[in-house]
Amino acid sequence: MLTHLGRELPDQLWVPHIGRLLRASMGDFARDGAEAERMVATYIEFQRRVHDEMTRGFPGALETLAALRTRGVRLGVVTSKGREMTGRT
C-alpha cells in the first residue's frame, strides 16, 4: 500500500481481506480500476520474490499428512493462492 497509497495500512483494515480474491481486495483500497490493477501487479511481483522465504508449514503438518496418506484418507487443498504460488508452497 505504501507504493500506491503513500502509507501503510493498519492491520484492522487489511487483515479482513486475507483469503479474498486479490483483485477484489485491491479494488477496495484503490482509487480506480487502473490503480487496482497496478496494486495487483505490485503484489504479485512481491509475492514471487519473497514467497518461498516467508512461507512455513505448521508444526506437525507433514507428519499428519503422511499418517493420513498411510490410512488412505483422501485430501484436497483449499487456498486463495493462485496455481503458481500453491505449487511452490
Side-chain angles (χ1 to χ4, degrees):
M1 296 301 166
L2 182 62
T3 299
H4 298 279
L5 302 180
R7 64 186 174 96
E8 297 287 345
L9 295 179
D11 289 355
Q12 67 265 25
L13 289 181
W14 66 264
V15 168
H17 291 267
I18 293 174
R20 290 186 61 218
L21 295 175
L22 184 58
R23 281 182 172 73
S25 294
M26 295 304 175
D28 288 347
F29 298 112
R31 291 173 275 250
D32 57 41
E35 182 174 58
E37 287 303 314
R38 290 190 301 274
M39 292 167 95
V40 168
T42 298
Y43 180 90
I44 290 171
E45 185 277 324
F46 173 79
Q47 186 181 43
R48 284 179 174 150
R49 190 167 24 91
V50 303
H51 177 273
D52 296 352
E53 66 193 57
M54 294 181 73
T55 303
R56 300 286 178 265
F58 287 100
L62 291 177
E63 295 82 5
T64 300
L65 292 171
L68 291 169
R69 177 179 284 161
T70 298
R71 294 179 185 166
V73 175
R74 292 182 58 168
L75 302 173
V77 175
V78 177
T79 180
S80 62
K81 290 182 179 185
R83 187 171 297 275
E84 177 185 353
M85 292 301 116
T86 299
R88 289 172 52 178
T89 300

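For reference, positions follow the sequence shown, starting with 1. Just so you know, these numbers come straight off a predicted model, no measurement behind them. As a basis for the values below, the full set of heavy atoms in this structure was taken, side chains included, without hydrogen atoms, waters or symmetry mates.
- Linking ILVMFWY side-chain heavy atoms closer than 4.5 Å, directly or via other members, places L13 and L2 in two distinct hydrophobic clusters.
- When every heavy atom of A30 is checked against every heavy atom of A36, the shortest pair comes out as CB-N, 3.4 Å.
- Enclosure of atom CZ in R49 by more than 12 non-hydrogen atoms of other residues, nucleotides or ligands within 6.0 angstrom is indicated.
- The number of heavy-atom neighbours closer than 6.0 Å to CG of L21, taken from other residues, nucleotides and ligands shown, is 12 or below.
- Contact annotation: the side chain of L22 never approaches that of Q47 to less than 4.5 Å [non-hydrogen atoms, C-beta and beyond].
- The aromatic ring centroids of F29 and H4 lie 6.0 Å or more from each other.
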Between L75 and R69, is the side chain to side chain contact (heavy atoms under 4.5 Å, CB included) condition met? List the steps. CA-CA 8 Å; L75 302 173; R69 177 179 284 161; 6.0 Å; no
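- A distance of 11.0 Å separates CZ in R88 from OG1 in T86, rounded to the nearest 0.5 Å.
- Remark: R48 engages E84 in a salt bridge (charged side-chain N to carboxylate O under 4.0 Å, His left out) (not counting sequence neighbours).
- The side-chain heavy atoms of M26 and R20, taken from C-beta on, include no pair separated by under 4.5 Å.
- W14 CH2 to E8 CD: the interatomic distance, rounded to the nearest 0.5 Å, is 10.0 Å.
- Between T89 and H51, the closest side-chain pair of non-hydrogen atoms falls below 4.5 Å.
- Closest approach of L9 and R7 over heavy atoms only: CD2-NH1, 3.3 Å.
- Transitive grouping of hydrophobic side chains (ILVMFWY, heavy atoms separated by less than 4.5 Å) brings L5 and V15 into a common cluster.
- Between M39 and T3 the shortest side-chain heavy-atom distance does not fall below 4.5 Å.
- We find the CD-CG distance between E37 and D32 to be 10.5 Å, quoted to the nearest 0.5 Å.
- Under a hydrophobic-cluster definition in which Ile, Leu, Val, Met, Phe, Trp and Tyr are linked whenever side-chain heavy atoms come within less than 4.5 Å, directly or via other members, M1 and V40 are assigned to the same cluster.
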